[in-house]
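Values in this document were obtained by computation on a predicted structure and should not be read as measured data. Any value given below was found using the heavy atoms of this structure, including those in side chains, with hydrogens, waters and symmetry copies removed.
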Amino acid sequence: MSAAELLALRRFGDGEIVTLAKLVIETAFQPIVEAATGSVFGYESLMRGFDRLGFQSPLDLIDRAHEAGQLMALEHMVNSRAIAAFAALPDFRARTLFVNLDSRLVSEGSVLVDRLAGHLQRAGIPASSICFEISERFDNDTLPDFADLVRKLRLAGFKLAIDDFGVGHNGLKLLCDHPVDYLKIDRHFISGMEADARKRHLVRHTVNAAHVLGTRVIAEGVETEAEFIACRDAGCDLVQGWFISRPVTDFSALSPVYPQVDRAGGIRRNSRTLDSILIRREIEHVAVLRENESLEAVFEFFRRDPKRTFFPVLNANDEPRGIVHEYHVKELSYHPFGRDLLKNKLYQKGLSHFVTTAPIADLDTPAEQLLDVFTGMGGNECVILTERMRYAGILSASSLIKIINEKRLKTAEDQNPLTGLPGNRSIRDYLQDKALDGDQLRCLCYFDFDNFKPFNDHYGFHKGDTALSLFASLLRREFVGDDAFIGHVGGDDFFAGVSGRPVADVRIILERLLADFSREVRLCYSPEDQLAGEIRGHDRAGQAARFPLMRCSAVVLVVPEGEIISDAGQISSRIAMLKADAKASAAGLVLASTSAHGEPLAGP
């Protein structure tokens, strides 16, 4: 049948939409991958072939089916085909299938869900492998049966996602009122995100809010490597879009891993941070319940471990669903007829009825951010930690406090005993963080004294210590605020970092700092040496020489907004290449941009 014939039939026979759709509509899968690894987490089911019926988009076909009273039949046909295709994949048991649920079917949703449940049972697919995407296209809150349908889906073990988040009617209200597993941030906020600070700010805060509520975040429509890196650095858990793969109807073209994700921006971190090490040391690997277990099994868990007041609950895919607390079920346990009630077939409640959400975070989340997640809503029993989207363990309040205190102790131990400034470990962690944070322009400043050794040899280490303490005090005076960091590398080498300030403002600070140090350190010399403007000493070869009075030179590496440096070691290498230029310049100051490959912005 030609496209023209099909178009004619569509025009004159809306009652045959589903019949025609069966002839031309194909199922396409688009991979949804883990942002950290590129491993496939699941697939979104999409329609292809709608254009052969004369429609511009799948939404046009769906809207016409609704007008013709055939929306339920069309949705059932599309979703049943998607489930059959999903069940034929070799790795389907480790994946999640995302299917769309049109809000206009809410009143008939129970029928649709029951039909799909039958398909799943025959295919051997657990309900937790299916995620229904609820779009913001329609105001779901006006539908009286919507909350009941969401509750039924959740209790049956299905997962829920808010689609098109941020551009529809009430996505934020859905997130607030219902236990949602995933939130899909609309392409509008992802497009050009790497160059738009407002978008990055909104996405980052959306991610943080979702994690507090135990919801994972999917970035939709990621088309470029730059967009992907921005999404990954904003904390998005999963990504989907043309950068990963276009939708495919040839399922043999699907891959379990998409290496461009792992390669994007290079290797993110060369080693685990102090936070990650401490968190892995304190994580609790407690026993877990499965959401399909009987309440009798729940009572047995609490009986065997009477000191534990809650247990994590996972679905069949090892993803956390929340926790079950003792006080949620003890009414049945302690009720004189509680056990008899459980045996009554009319009593329909299972473990899913008693699960409450809990905040969720990845194992590599910084400790302070974990604390924000934990305290975000108050009254949380724990933070559920995941690795590669699967359950890894929990952190209690006491464990989290212990981690924060130990981190502070380690940071204090890292401080230079003379200047009291953070040392190399803290500087390294700062550089790793800022190298990957493209939200703002960053100025990374390295300081090195000129002619310090002759001064130290001539006047003694006490005077040398005085010069070092003087410079540390000047750094504290000039670099104030949450956007600034200062550290003592060791000896006469110092570091400062500033985020978000204009380069011109940072340059003014540095020129004042270097001038003040040159003027004040001069007072550490004898009046005779001050008058002469130099001292006698010996060079590194042991030969007698004259040395000018001490000053400090500085190299500033400017990392533009939006730029990501995958290996923080590149920063140290570039700075080392420019140190000689700074020492040779009249002002002792060189600024260079990473975007210009280390070429000076301001030189001798």
Side-chain angles (χ1 to χ4, degrees), residues 416 418-421 424 427 443-479 486-498 503-504 506-558 572-592 598-604:
N416 185 282
L418 174 64
T419 60
L421 295 178
N424 281 321
I427 295 171
C443 290
L444 308 174
C445 315
Y446 179 86
F447 304 94
D448 184 18
F449 293 0
D450 301 341
N451 305 311
F452 176 73
K453 186 178 185 302
F455 170 84
N456 203 50
D457 292 344
H458 185 79
Y459 286 100
F461 70 87
H462 289 295
K463 281 283 190 176
D465 287 351
T466 299
L468 296 174
S469 297
L470 167 64
F471 190 77
S473 67
L474 293 174
L475 278 177
R476 288 191 178 93
R477 186 188 71 186
E478 295 293 350
F479 292 94
I486 56 176
H488 190 168
V489 179
D492 59 334
D493 295 356
F494 292 81
F495 174 84
V498 185
V503 175
V506 175
R507 183 189 179 102
I508 291 171
I509 291 173
L510 294 173
E511 289 174 343
R512 181 171 61 239
L513 170 68
L514 299 183
D516 288 349
F517 178 71
S518 295
R519 183 181 65 255
E520 296 188 29
V521 80
R522 186 182 183 92
L523 301 177
C524 294
Y525 290 82
S526 68
E528 294 78 16
D529 289 340
Q530 291 182 43
L531 184 62
E534 61 181 18
I535 60 173
R536 296 175 183 273
H538 295 84
D539 61 20
R540 297 186 182 276
Q543 302 295 318
R546 296 175 182 272
F547 298 93
L549 301 187
M550 186 169 32
R551 71 168 189 175
C552 181
S553 58
V555 172
V556 183
L557 197 62
V558 179
S572 301
S573 299
R574 293 189 185 185
I575 287 174
M577 293 171 59
L578 295 166
K579 284 174 62 176
D581 293 337
K583 288 182 176 294
S585 69
L589 176 62
V590 166
L591 286 83
E599 297 173 4
L601 296 173

For A582 and V555, the nearest pair of non-hydrogen atoms, with its separation, is CB-CG2, 3.8 Å

Across all chains, not counting sequence neighbours, the salt bridge (Lys or Arg N to Asp or Glu O under 4.0 Å) partners of R512 are E478

For R546, the side chain to side chain donor-acceptor pair (under 3.5 Å) test, sequence neighbours excluded, returns E534

Here the pair of heavy atoms bringing Y525 nearest to M550 is OH-N, 2.8 Å

Item to check | Working for side chain to side chain contact (heavy atoms under 4.5 Å, CB included), residues F471 and V521 | outcome: CA-CA 9 Å; F471 190 77; V521 80; over 6 Å; no

Sorted by chain and number, sequence neighbours left out, side chain to side chain donor-acceptor pair (under 3.5 Å) with E511 holds for R507

For D492 and L468, the nearest pair of non-hydrogen atoms, with its separation, is CA-CD2, 3.7 Å

Residues C443 and V556: closest non-hydrogen pair is CB-CG1, 4.0 Å

Original post:
Does a side-chain heavy-atom distance below 4.5 Å link C524 with Y459?
Top reply: no

For E528, the side-chain contact (heavy atoms from CB on, under 4.5 Å) test, sequence neighbours excluded, returns S526

### Query
Do the ring planes of H488 and F494 sit parallel (below 30°), tilted (30 to 60°) or perpendicular (above 60°)?
parallel

OG (S518) and CG (L513) are apart, to the nearest 0.5 Å, by 9.0 Å

Would you say the side-chain atoms of S473 pair up with the backbone N or O of L470, donor to acceptor, closer than 3.5 Å?
yes

With sequence neighbours left out, the residues meeting side-chain contact (heavy atoms from CB on, under 4.5 Å) with D493 are Y446, D448, V489

Applying salt bridge (Lys or Arg N to Asp or Glu O under 4.0 Å) to D457 and not counting sequence neighbours gives K453

Ring pair (Phe, Tyr, Trp, His ring centres under 6.0 Å) filter on F452, not counting sequence neighbours, yields F449

Between the OG atom in S553 and the CG atom in L578, the distance rounded to the nearest 0.5 Å is 11.5 Å

Shortest non-hydrogen pair, L514 vs G588, comes out as CD1-O, 3.8 Å

Residues at least two apart in sequence or cross-chain that pass salt bridge (Lys or Arg N to Asp or Glu O under 4.0 Å) with R476, listed by chain then number, are none

For D529 and L549, the nearest pair of non-hydrogen atoms, with its separation, is O-CD2, 3.9 Å

Output for pair (S572 OG, L557 CG), nearest 0.5 Å, gives 9.5 Å

Rounded to the nearest 0.5 Å, the CZ atom of F495 sits from the CG atom of N424 at a distance of 11.0 Å

Decide yes or no for L510 and F447: does some side-chain heavy atom of the first lie under 4.5 Å from some side-chain heavy atom of the second?
yes

* Asked: Within the distance-only criterion (no hydrogens, no angle test), does the side chain of R536 pair as donor or acceptor with the backbone N or O of A544 below 3.5 angstrom?
  -> no

Here the gap from I575 atom CD1 to C445 atom SG, rounded to the nearest 0.5 Å, amounts to 8.5 Å

Residues at least two apart in sequence or cross-chain that pass salt bridge (Lys or Arg N to Asp or Glu O under 4.0 Å) with D450, listed by chain then number, are R551, K583

| With distance as the sole test, does S469 use its side chain to make a donor-acceptor pair with the main-chain N or O of T466 at under 3.5 Å? | no

